[in-house]
Structure formats: C-alpha cells, structure tokens
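Below is one structure, written out as structure tokens; the observations come after it.
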Amino acid sequence: MDEPVDIYEQAALNMSIPDGCDVNRAVYASIKQLISHDIIDPSLVGFQNCEPLCGICYHGSKEWDYIRFNIIVIGVILPIVGVFGIFGNAISAFVYSRPEMQCSTNFYLFSLACSDTGVALTGIFLFSLETFRPFSLTVARMSGQLSAIVYPMGMIAQTCSVYFTVCAGVDCFVQVCLPEKVRRMFSRKETVHFLAICVVIFSVLYNVPHFFEGFVIDCYHKELGGMSREVCPATLRYNELYQSIYYKYMYAIFLAVGPLITLIVLNTFIIGFSVFGSSASNMDDTMSLILVVLLFISCNTIALVINIFESYLSETLGSKINYIVDLSNFLVVFNSSFNIIIYIKYSRPFADTLSSYFCQRKPKTGGLGPPVVITEKPSRSKKCKETLSRLLVASQPEVAPTVTPIRSEAV
C-alpha cells in the first residue's frame with residue numbers, strides 16, 4: 001500500500017510550471033520546498049513567462065493607516081535618528097581614541113561607538129529602505145539583493161554593542177570594588193585587547209545561523225513592471241526546535257535577560273560600594289541609575305518580547321504586530337544613536353576633550369591628561385559609579401549605558 005502524501009507535499013507536487021520552462025531550475029525547487037513545509041501559500045505562486053511573480057515571500061501591508069505610520073516612523077524619523085547616530089558615534093570613537101582619553105573603559109566605549117555605527121547603518125538599510133520597496137523597482141532590487149547579508153551583519157554589530165557594554169561595566173566594577181592588583185591586571189593592554197577580540201569572535205559565531213535563514217530568488221514585479229529580487233525564508237527559520245532553542249532561550253540568555261541582569265548586579269555593587277565604602281554620597285547618581293534602567297527597559301523590552309514570542313504574537317495580533325515591530329526597530333536604532341548626548345552631558349572629560357579638538361577650548365580641568373589619568377581613590381569610585389550608571393542607557397538592543405572615563409592604565 002502506498003504511503004499517504006502530506007497535503008502540503010501534494011500541493012508542492014501540483015504546482016504548475018509554465019510550458020516551455022526548465023523544470024529543473026533551482027528557483028522552482030526552492031518554491032516547492034517552501035510549499036511542502038507550509039511556509040508559503042500555494043495560491044500566491046504565480047508566473048510571468050518563466051519567472052515567478054514577486055510577492056511569494058514578501059507581503060507588504062495594504063492598510064493605509066499602517067502604511068502612513070510606517071512611512072512617518074520608519075521611512076522619515078528613523079533615518080534622521082540613524083544618520084545622527086552615525087555621526088555621533090564617529091565623534092565618540094574619535095574622542096575616545098585620543099591619547100589623553102586612553103584607558104581600559106574608554107577603549108570599550110570606543111569599540112561600542114564603532115559597533116553602534118554598524119547598528120545604525122544596517123538599521124537604516126533594513127528598516128527604512130524596506131519602507132520604500134513597494135514604490136521603486138531599484139529599491140526593491142537593492143533590498144532583495146542585500147537584505148540576506150545585511151541582516152546578519154546588523155545582528156553581529158548589535159551583539160558586539162551588547163558585550164562591549166558588558167565589558168565596560170565589568171571594567172568599572174573591577175576598578176571600583178576590587179583590589180589594586182586585580183585592577184592593574186584587568187587594565188592591562190593585553191587583557192583589554194583579548195576581551196575585545198573575544199567579543200568580536202563570539203558575536204560572529206553566535207550570528208552565523210542568520211546567514212542560513214534566507215535565500216534570494218529572482219522574480220518579476222508585476223506592479224512595477226520589471227525583474228526584481230526577493231528574500232525568502234529557508235526552512236531552518238521555521239523549524240520549531242531551532243526557533244525554541246535559538247530565538248527563545250539563547251536570545252534571552254545571551255542578548256537580553258542575561259546581559260541586563262549582569263549590568264544591574266554590577267551597578268548595584270558599584271553604588272553600594274560608593275555609598276558604604278566612602279563618606280561621599282550622591283543621591284543624584286541613584287536617581288540617574290533608576291532613569292537609565294527605565295530608559296533601557298523602554299527601548300528593549302518590546303524587542304525581547306517579539307523575539308521570544310514571535311509565533312504566538314503573530315497568530316494573536318495578526319497584521320497589528322507590524323506596528324509593534326516598527327516601534328521596536330525604531331527604539332533599537334534610537335538606543336544606538338543616543339550615546340553621544342549622554343557623553344556630552346554627563347562625562348566632563350569627554351566634553352572637555354571634544355571642546356579642545358573641535359572648539360579650540362582648553363579643558364576646564366586644566367589639561368586633558370588629569371581627567372583620565374590622575375585619580376584620587378575616593379573620586380575613582382564615584383567616577384566609575386557615574387560611568388556604569390550612564391553606561392546602562394547607552395547600549396542598545398539590548399543592554400545600554402554611557403560611561404565616564406575610568407582611571408586605569410592607558411590602553
């Protein structure tokens with residue numbers, strides 16, 4: 001007796017390929033595979049001559065309210081914020097790379113500025129460019145051609161930002177709370193560079209699966225009247241085990257809950273040490289920490305919920321989830337672009353160094369060296385506490401903060 005054929009496999013077998021076309025083309029096999037795994041609807045598959053019609057895997061919303069919201073928030077506001085973030089992070093990287101600003105924490109902030117630049121750049125491409133895809137054949141081709149590569153690159157940049165933030169937080173904790181011998185060891189150039197290399201390697205390896213989550217097909221864009229390209233999801237992306245392990249548990253542990261809890265614990269120790277370990281106390285720092293954590297939560301909770309409960313939310317909210325996704329994407333780019341404002345407002349060494357290079361002003365501290373290199377014991381604790389408090393907000397997708405330079409050995 002013949003084995004029963006799954007209805008989706010049967011639908012794939014019944015897919016009608018136009019006469020005279022090469023049935024062995026890879027694109028036909030890919031479409032059949034997606035149909036057999038119930039990833040795309042067979043009724044959406046159409047052909048123009050021998051080319052599949054665009055829209056098999058990409059379905060733009062037809063709701064005018066959402067289209068207007070998407071154009072305003074993602075098409076207009078997000079690129080403005082992203083461009084500001086690119087220039088702001090470039091300035092931050094320049095300032096933190098100056099000889100008078102070189103110390104272990106500032107090296108991590110320099111690295112954070114570089115990775116945040118990548119987040120802003122890829123965010124503009126992935127989110128804003130996608131907004132105008134239905135209106136331009138050139139944009140549609142560009143988006144379809146590059147999205148499968150730009151998306152994992154953006155995730156690599158985002159992961160780097162998370163862990164450079166954590167490194168800066170750990171460095172601050174070491175400088176404030178641990179013995180001098182440990183502080184010196186942790187501030188050594190070899191140690192700092194080793195940790196930075198580890199962050200980059202981990203970020204690349206962790207995001208390797210994203211390179212295999214989609215593939216590009218050539219298609220005919222009926223509305224725009226020309227050949228285009230479209231990204232379709234690979235079957236891996238919809239594998240239940242893969243979604244459960246990679247998108248729920250690993251994401252929560254390595255990119256969301258884990259780094260956030262780590263920074264909160266470190267910050268708690270730093271504030272506790274500063275309050276009970278010295279005579280100086282500053283309630284403004286405590287309030288700053290509260291505001292920083294609230295800002296971080298507001299910018300990252302939505303992304304956390306969407307990534308962990310993506311399937312459930314899609315089924316429950318339907319097309320309404322598009323609003324939440326757009327808001328989450330905007331907050332990610334905003335979080336990666338806001339750092340320089342915090343640096344200028346709360347980090348006096350940063351502001352003084354910035355003024356000395358761009359405004360030809362002498363630092364108020366009497367020189368560029370002392371704010372970074374010279375530290376009295378009580379002030380170092382206070383300064384590093386201010387550092388991690390602002391560091392929590394400055395990162396992005398997933399853990400954030402700004403940092404006032406720490407008095408440690410130059411890197």
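Below, each value reflects all heavy atoms present in this structure, side chains not excepted, and no hydrogens, waters or symmetry copies. Residue indices begin at 1 and follow the sequence shown.
Heavy atoms only, all atoms of each residue included: V231 and V216 are closest at CG2-CG2, 4.2 Å. Taking both residues in full, the closest heavy atoms of F254 and Y206 are given as CD1-CE1, 3.9 Å, listed atom of the first, atom of the second, then distance. Nearest heavy-atom pair, M101 versus T353, reported as atom, atom and distance to 0.1 Å: SD-OG1, 3.2 Å. Heavy-atom minimum distance, I40 versus V45: CD1-CG2, 4.2 Å. Residues P233 and F215 approach most closely at O-CE2, 3.6 Å, considering heavy atoms. A pairwise comparison of heavy atoms in L126 and Y151 identifies CD1-CA, 3.6 Å as the closest pair.
Side-chain atoms of I340 and F350, non-hydrogen and from C-beta on, do get closer than 4.5 Å to each other. Put simply, the side chain of I201 does not reach to within 4.5 Å of the side chain of C198, judged on heavy atoms. Residues K189 and V192 are not in side-chain contact: their nearest non-hydrogen atoms beyond the backbone lie 4.5 Å or more apart. Residues I77 and F330 meet the side-chain proximity criterion, which asks for heavy atoms closer than 4.5 Å. Under the 4.5 Å side-chain criterion, counting only non-hydrogen atoms from C-beta, F47 is in contact with Y28. Under the 4.5 Å side-chain criterion, counting only non-hydrogen atoms from C-beta, L109 is in contact with L112. Residues R68 and I71 fail the side-chain proximity criterion, which asks for heavy atoms closer than 4.5 Å. In this structure, P259 and T165 have side chains that are not in contact, with every pair of non-hydrogen atoms separated by 4.5 Å or more.
Checked against the 6.0 Å centroid criterion, the rings of Y96 and F110 do not qualify as a close aromatic pair. For Y242 and F212, the distance between ring centers is not under 6.0 angstrom. The distance between the ring centers of Y251 and Y246 does not fall below 6.0 angstrom.
E213 and Y238 share no donor-acceptor pair across their side chains, judged by distance under 3.5 Å alone. In the model, S92 has no side-chain atom that pairs as donor or acceptor with a side-chain atom of N339 under 3.5 Å. Donor-acceptor pairing under 3.5 Å is recorded for the side chains of Y66 and D326. Side chain to side chain, S161 and S115 meet the donor-acceptor criterion of an N or O pair below 3.5 Å.
Counted within 6.0 Å of CD on E240, heavy atoms from surrounding residues, nucleotides or ligands total 12 or fewer; the atom is thus considered open.
Using a 30° and 60° split on the angle between ring planes, Y163 and F202 fall in the perpendicular class, above 60°. Taking the six-membered ring for Trp and thresholds of 30 and 60 degrees, F358 and F94 have ring planes more than 60 degrees apart, a perpendicular arrangement.
Atom SG of residue C232 and atom CD1 of residue I217 lie 4.0 Å apart, to the nearest 0.5 angstrom. We find the OG1-CG distance between T122 and L146 to be 12.5 Å, quoted to the nearest 0.5 Å. Between the CG atom of N322 and the CD1 atom of I74 there is a distance of 11.0 Å, given to the nearest 0.5 Å. Atom CZ in F186 sits 10.0 Å away from atom CZ in F173 (nearest 0.5 Å). Rounding to the nearest 0.5 Å gives a distance of 5.5 Å between CD1 of I39 and OG1 of T235. A distance of 5.0 Å separates CD of E230 from SG of C57, quoted to the nearest 0.5 Å.
The backbone N or O of F125 sits nowhere less than 3.5 Å from a side-chain atom of S128 that would complete a donor-acceptor pair. For the pair N89 (side chain) and G85 (backbone), a donor-acceptor distance under 3.5 Å is present. Side-chain atoms of R25 come within 3.5 Å of backbone N or O of C50 as a donor-acceptor pair. Listed for the N49 side chain is no donor-acceptor partner under 3.5 Å among the backbone atoms of E51. Judged by distance alone, with hydrogens and angles left aside, the side-chain atoms of R183 form a donor-acceptor pair with the main-chain N or O of L178 at under 3.5 Å. Proximity of a side-chain donor or acceptor of S355 to a complementary backbone N or O of A351 within less than 3.5 Å is detected. Side-chain atoms of T131 come within 3.5 Å of backbone atoms of F127 as a donor-acceptor pair (strictly under, hydrogens ignored). Using a distance-only test at 3.5 Å, with no hydrogens or angles considered, a donor-acceptor pair links the side chain of S337 to the main chain of V81. Of the possible polar contacts, none joining the R229 side chain to the M142 backbone as a donor-acceptor pair under 3.5 Å is found.
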Test side-chain contact (heavy atoms from CB on, under 4.5 Å) on L327 and V73; report intermediate values, then the result. CA-CA 8 Å; L327 180 60; V73 176; 5.8 Å; no
Please determine whether side-chain contact (heavy atoms from CB on, under 4.5 Å) holds for the pair Q102 and F107, giving the CA-CA distance in whole Å, both sets of side-chain angles, and the decisive distance to 0.1 Å. CA-CA 7 Å; Q102 289 185 7; F107 180 82; over 6 Å; no
Between L354 and I344, does the side-chain contact (heavy atoms from CB on, under 4.5 Å) criterion hold? Intermediate values first, please. CA-CA 8 Å; L354 180 65; I344 292 173; 3.9 Å; yes
Test side-chain contact (heavy atoms from CB on, under 4.5 Å) applied to V199 and S203, step by step: CA-CA 6 Å; V199 166; S203 299; 4.1 Å; yes
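For the pair E190 and R188, the salt-bridge criterion is met [side-chain N within less than 4.0 Å of a carboxylate O].
Residues passing the side chain to side chain donor-acceptor pair (under 3.5 Å) test with E63, sequence neighbours excluded: S319.
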